[in-house]
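Residue numbering restarts at 1 for every chain, and letters A, B, ... go by the order of the sequence lines. Bear in mind the structure is a predicted one, so any value in this text is a computation, not a measurement.
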Amino acid sequence: MSAAPAYSEDKGGSAGPGEPEYGHDPASGGIFSSDYKRHDDLKEMLDTNKDSLKLEAMKRIVAMIARGKNASDLFPAVVKNVACKNIEVKKLVYVYLVRYAEEQQDLALLSISTFQRGLKDPNQLIRASALRVLSSIRVPIIVPIMMLAIKEAASDMSPYVRKTAAHAIPKLYSLDSDQKDQLIEVIEKLLADKTTLVAGSVVMAFEEVCPERIDLIHKNYRKLCNLLIDVEEWGQVVIISMLTRYARTQFLSPTQNESLLEENAEKAFYGSEEDEAKGAGSEETAAAAPARKPYIMDPDHRLLLRNTKPLLQSRSAAVVMAVAQLYFHLAPKAEVGVIAKALVRLLRSHSEVQYVVLQNVATMSIKRRGMFEPYLKSFYIRSTDPTQIKILKLEVLTNLANETNIPTVLREFQTYIRSMDKDFVAATIQAIGRCATNIGRVRDTCLNGLVQLLSNRDELVVAESVVVIKKLLQMQPAQHGEIIKHLAKLTDNIQVPMARASILWLIGEYCEHVPRIAPDVLRKMAKSFTAEEDIVKLQVINLAAKLYLTNSKQTKLLTQYVLSLAKYDQNYDIRDRARFTRQLIVPSEQGGALSRHAKKLFLAPKPAPVLESSFKDRDHFQLGSLSHLLNAKATGYQELPDWPEEAPDPSVRNVEEEDLSLIETHVGLLGEYTEVPEWTKCSNREKRKEKEKPFYSDSEGESGPTESADSDPESESESDSKSSSESGSGESSSESDNEDQDEDEEKGRGSESEQSEEDGKRKTKKKKVPEGKGEASSSDEDSDSSSSTSESEMTSESEEEQLEPASWRRKTPPSSKRAPATKEISLLDLEDFTPPSVQPVSPPAIVSTSLAADLEGLTLTDSTLVPSLLSPVSCVGRQELLHRVAGEGLVVDYTFSRQPFSGDPHMVSVHIHFSNSSDTPIKGLHVGTPKLPAGISIQEFPEIESLAPGESATAVMGINFCDSTQAANFQLCTQTRQFYVSIQPPVGELMAPVFMSENEFKKEQGKLMGMNEITEKLMLPDTCRSDHIVVQKVTATANLGRVPCGTSDEYRFAGRTLTSGSLVLLTLDARPAGAAQLTVNSEKMVIGTMLVKDVIQALTQ
Amino acid sequence: MIHSLFLINSSGDIFLEKHWKSVVSRSVCDYFFEAQERATEAENVPPVIPTPHHYLLSVYRHKIFFVAVIQTEVPPLFVIEFLHRVVDTFQDYFGVCSEPVIKDNVVVVYEVLEEMLDNGFPLATESNILKELIKPPTILRTVVNTITGSTNVGDQLPTGQLSVVPWRRTGVKYTNNEAYFDVIEEIDAIIDKSGSTITAEIQGVIDACVKLTGMPDLTLSFMNPRLLDDVSFHPCVRFKRWESERILSFIPPDGNFRLLSYHVSAQNLVAIPVYVKHNISFRDSSSLGRFEITVGPKQTMGKTIEGVTVTSQMPKGVLNMSLTPSQGTHTFDPVTKMLSWDVGKINPQKPPNLKGTMSLQAGASKPDENPTINLQFKIQQLAISGLKVNRLDMYGEKYKPFKGIKYMTKAGKFQVRT
């Protein structure tokens, strides 16, 4: 950009170097007067039928908006295109609408019906974006429509649309706050949502609309805690900061009982769950004996601390900071330490991040100095740091300085004083002053150092030193007459007003220490009085008054002179002061009651100023907040409430039992470790066991009797989620996630029952009885708890394989399910007939294996009996269509069966194998809205009503690939979810075998010479020289029929492509010693080339 | 949350604005310009500026200020982190993030920004997902689009958005399956005048480039994981597994990503691979000063030190320097007073040396401070902390990937005080 005003209309419209794509447009000639004309041109383009022109026009309009130029006069022309088919045009129109709808409300209404239609679209992306735009148009008339749309979207099938609904809530609220009550209902509903996708957004909406309705959180508290780790980073930040406030209102302060805390927290640090267990256990006793009230952390409080801790490892600085502030505000003293390391790590990040983090560290380091002391060196300053970072680091270093490390800190400071950055030097001098006041031992050293600085050449440095020395001297003036004399001499040279004022004040205050110099200084100052700054003048008056009182003989005239000068000063403050002083010190005729006490007034001993950090009391703001950073309340800041005196009823957070029964896989996001199921497929059981071993042995080790109970729920949840992933849980993993966790939590308590009996009773009661409030204790419940005790004992002690059924049994009656599942799988799914979770113990597994082998034999005999069912050669191996992880328990594979598709001969028949590895039935499997490249068509398979857990099913669908290897993309829909899948055919599957004689073959081959012939040489490996193998390999690669052949070393195959029916002829001429030549003749050159490649690959491997 | 975004170049022109809520006049940036004027250098502009009705949060990268306007309380790091994510996304999309590039691709930029935030709250920030929604511009695609009229905008919800592994799309296919890991360690150090180490620490990252078909599940284990003191992970890494076994287990995102960043515990003494000998002296009331630097290897474990550059900010009093290097090239900018010496490789037998005189302002007294020397260097095939990757295993897919691992040590913020 040139230096000229870059944003004139002229520049924006011109074809600058930055926008070559507009350069060819004659209308954007770059003359201001053509502005209207240009818009006419755009209107014309928008009115055409050509999408490309519309797109071009919209792009230019958006570019105008981006540059901040007014494009509002195009509104009517643009809004017409809101229903345009082209998705990019549509998106750009949306951008335009959102920008200008507010200004042109009436016209904007024209577009509403389009969005309303969009809200009903089967495509979730379109539904979501329609809602997004509808809610972003700030037109008050449509508030009712928005409200309706949000309500509807909040119960949409797709979590993405629900997320969008959550986003729309604050938009509507800001448009019309009267809707608050209705919106709170929607928020309440969405808060109950169990998907991680929605959680962050709805908490955001909660924070903006009704942060005071803390009661809405109760029921969702545990769920949010457990989901937290899987929520995206932005949501995590919002949820954590909300939960911090929540915890402050609901739990007791962990620091309220310091003495007990010491041991308690010490333990908590090592085995955080343990004191939860104890806490839970002794809650009753505490209630029984209220006189002695030891602090006990609420289990939910502990849950929050435990679940946020791993997030300190997040890559996002915002998340780390959020967790850090949570720990700072909520954790017992002994546990806060963990955040220091993570915060220090953030200091490696961008300077803006450093800036914010250092501000917070500065506040924290005042309260919890010990926390950062080990990292002192990380705050050392580099000459390349920006000044603001340097100053903050200095602040932290000063806060961290103590008796032991002060020598190193001071040595660092000495280096800093020689820096070229003078602001920084000034700050360093201040810092030295603070160290000197805080640490008595080094006060003299510091003072000496500062005095040396007085001879520095830089005036700023000297001035700053003077100011600091003044403050230090106030603490012990008697010993430092020398320094004051030295300072007095400086008045001749030093020009910085603040420093001059400081010197004058010092001399006045301690004039008895320097009785000879003081009057002389006053004389000099009186001389230059008129030229001084106001602040200096005030101090001159001050000095004069004090000298007059102590040494009136010498200074009477001088004082009067100064006061007279001041009387006519321009500044009223100074005039005022002069008048006041005169009345006070000069004895007059009448009264003078005060003047008798003037000496006391002026020369009273004054307390030394306390040098303290500007970050001292900032921690009443929630750390990490904008308000904390600015040290002022920002708009919308929510005060961090004080801890309650009495803990509110913790039972409000209890959730009904039935919600807790679902299980769930859990992948990623620093999450609990879940196995990703693929390796469980590997047929070698030994190998698999090996893989699993560390995993289990680990959990075993952790749940050993001496260990803290902390690991118990976790290890269980691991095994739970593992077994669920193996038994293939989760048609919607994220949905039941939280319950899984909740249940783990409950179970965790259940298993603690081994350790503490009474506690166990109470807790297991909670688990088993939905009401779970623990009032009655009937024998029934007793037996309950004992059974769960034995169960959990089994869980923790049993071998790895027993571990699975133990947790498994808990959820499903084993006998009814296991048998059919095993059978189903072994019948239909030979490749993975042994998913581990369906083998509770090894003996049945062996049975099922042999059973499977039997069945396998059976199917083989079947195939020989009914040959028409199977293609003449072996099928291409299974391809994965939907992975278990992505499909949330639904596994879909496909094979090309090579049978003619019954409906349409041009179609390739594809067998789709579904198997449900989740533990909930999957219903209504069907194909939805295929998105296909031109020419490709799909014959869908009939809908599969329901697929029970562990069951498998196979369906046949036909795809006309139109003789291309383009992938057919379509959606695989269940009742609740849609998966995007695609099938890409190997080229060999696009053809069907043709049978012909050798002569026919040669004749056809003769027609397909030249460009239609592709020849390639290859070396056949040793393993691949027998007839049988070669034929097998070729036919496995391509669906071709063998053509009889006279010569022994030549193989011929023929086929026709399915759609166009063009011939594909393949000749393999094998020569001695493995050399071979492959020739493919086909009209379809692309297919020919690809086929050659595939066949060669198959043969040479 | 985030109300608006302004992109401002170093000469103070607003060249892009985007509003997610109602429009905020660009005059709000005047407060920013004021602050910019007050700060002498771009880096010193405070990241948070309060104005009467708004708060301006900015980051400065690639010579562009990204200024976000917010109206209500929001964690400042939230906004700053987001702005950095925006820059990273642009870089990912266009290769570089610079003013001309953003201007060239203004429409794509706008579309991307539209997707990243909804009503000021982040919506899609994973670049994997964004790239499915809005495809990055390539020359080929531009040509194809003009011919076929197809668009850059996806009309399906990206698969990652709803999946439990949002960072990876399904249906990834490669003919060559490869996974490369770069272990890069940076030494941050401050070296004393006398050559003793004041502070030194090692920060490392593992950057990965994974191009694998399907849904591979990788585990990466180290020979000596105890070295890692503090780590932060890409969201794909399973934290539990790391906690219990010190193994990185993850389903990788497709393409380039940062798997891990770590900090090597401070207890371990850091081997400083280079030494710098310096003799810089100014004399009072003399217009000439002496200047000599020698850089040499120390504790390099037999590897050569490459890519050595020495930079130093000279005091204002230095008018010019006449120096002769024993190798490499050097420049001195008399305006910014920046000396830089591009050394290249260090030959241990003949340590490179830069020697000469400085001409100082006549009559001025000698500067207080000797300049600090900043050092850059690289050592290939060496992780200075001694960290070693033990093995990489892949589960879940049947093919055999090509695996590669590379080690490198670099100077981070490496400063020598003189």
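- Between chain B and the options A:E233, A:E103, A:K90, the largest number of non-hydrogen pairs under 4.5 Å is found for A:E233.
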### Message
Between B:L123 and A:R132, does the side chain to side chain contact (heavy atoms under 4.5 Å, CB included) criterion hold? Intermediate values first, please.
### Response
CA-CA 11 Å; B:L123 189 64; A:R132 243 184 99 183; 3.3 Å; yes
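- Contacts of B:N374 with chain A are made by side-chain atoms alone, with heavy-atom separations under 4.5 Å and no backbone atom involved.
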#### Entry: Steps toward side chain to side chain contact (heavy atoms under 4.5 Å, CB included) verdict (A:Q984, B:K173)
CA-CA 11 Å; A:Q984 187 169 28; B:K173 280 225 166 87; 3.9 Å; yes
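- Comparing A:P386, A:A632, A:S135 by how many heavy-atom pairs each has under 4.5 Å with chain B, the most go to A:P386.
- Residue B:S58 touches chain A through its backbone alone, counting heavy-atom pairs closer than 4.5 Å.
- A salt bridge links A:R348 with B:E186; the closest basic N to acidic carboxylate O contact falls under 4.0 Å.
- The contact between B:Y60 and chain A is made by backbone and side chain atoms together, counting heavy-atom distances below 4.5 Å.
- Proximity to chain A (any heavy atom under 4.5 Å) is restricted, for B:R61, to the side chain, taken from C-beta onward.
- Using a 4.5 Å cut-off between heavy atoms, B:L117 contacts chain A through its backbone alone, with no side-chain atom that close.
- With a threshold of 4.5 angstrom between heavy atoms, B:V45 approaches chain A through N, CA, C or O but not through any side-chain atom.
- When the candidates A:M204, A:M321, A:H350 are compared by the number of heavy-atom contacts under 4.5 Å with chain B, A:H350 comes out ahead.
- Contacts between B:E126 and chain A at a heavy-atom distance below 4.5 Å involve the side chain alone, from C-beta outward.
- Of the possible polar contacts, none joining the A:R315 side chain to the B:L259 backbone as a donor-acceptor pair under 3.5 Å is found.
- Neither the backbone nor the side chain of B:I247 comes within contact range of chain A, judged by heavy atoms closer than 4.5 Å.
- The closest donor-acceptor contact from the side chain of B:E115 to the backbone of B:A124 lies at 3.5 Å or more, if one exists at all.
- Ion pairing between A:R345 and B:D229 fails under the 4.0 Å rule for side-chain N and carboxylate O.
- Of the atoms belonging to A:Q359, not a single heavy atom falls under 4.5 Å from chain B.
- Using a 4.0 Å cut-off between a side-chain N of Lys or Arg and a carboxylate O of Asp or Glu, B:K413 and B:D188 do not qualify as a salt bridge.
- The part of B:A189 that comes within reach of chain A is its backbone (N, CA, C, O), which places non-hydrogen atoms under 4.5 angstrom from that chain.
- Ranked by heavy-atom pairs shorter than 4.5 Å toward chain B, the options A:Q622, A:R382, A:M58 are led by A:R382.
- Using a 4.5 Å cut-off between heavy atoms, B:P46 touches chain A through backbone and side chain atoms alike.
- Contacts between A:S241 and chain B at a heavy-atom distance below 4.5 Å are absent for every atom of the residue.
- Residues passing the ring pair (Phe, Tyr, Trp, His ring centres under 6.0 Å) test with A:Y94 are A:F115, sequence neighbours excluded.
- Heavy-atom distances place no part of A:L376 under 4.5 Å from chain B, backbone and side chain included.
- A cation-pi contact, defined as under 6.0 Å to the ring centre and within 45° of the axis, links B:K18 to B:Y110.
- Proximity to chain A (any heavy atom under 4.5 Å) is shown, for B:F250, by neither the backbone nor the side chain.
- Taking chain B as the reference chain and counting heavy-atom pairs below 4.5 Å, the highest number among A:V98, A:T415, A:T164, A:V319 is found for A:T415.
- Proximity to chain B is limited to the side chain of A:R138, based on heavy atoms less than 4.5 angstrom apart.
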### Task
Could you check B:L260 against B:V205 for side chain to side chain contact (heavy atoms under 4.5 Å, CB included), going step by step and ending with a plain yes or no?
CA-CA 6 Å; B:L260 169 80; B:V205 293; over 6 Å; no
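- Only the side chain of A:L92 has a heavy atom closer than 4.5 Å to any heavy atom of chain B.
- A distance of 6.0 Å or more separates the ring centres of A:W234 and B:F121.
- A salt bridge links A:E412 to B:R417: at least one charged side-chain nitrogen sits closer than 4.0 Å to a carboxylate oxygen.
- The greatest number of non-hydrogen atom pairs below 4.5 Å with chain B, out of A:A317, A:G636, A:P374, is found for A:A317.
- At a 4.5 Å heavy-atom cutoff, the contact between A:E102 and chain B is made by side-chain atoms alone.
- Residue A:Y637 touches chain B through both its backbone and its side chain, counting heavy-atom pairs closer than 4.5 Å.
- Of the two parts of A:S201, the backbone and the side chain both hold a non-hydrogen atom closer than 4.5 Å to a non-hydrogen atom of chain B.
- Here salt bridge (Lys or Arg N to Asp or Glu O under 4.0 Å) pairs that include residues 74-83 of chain B, with residues two or more places apart or in two chains, are B:E81-B:R85.
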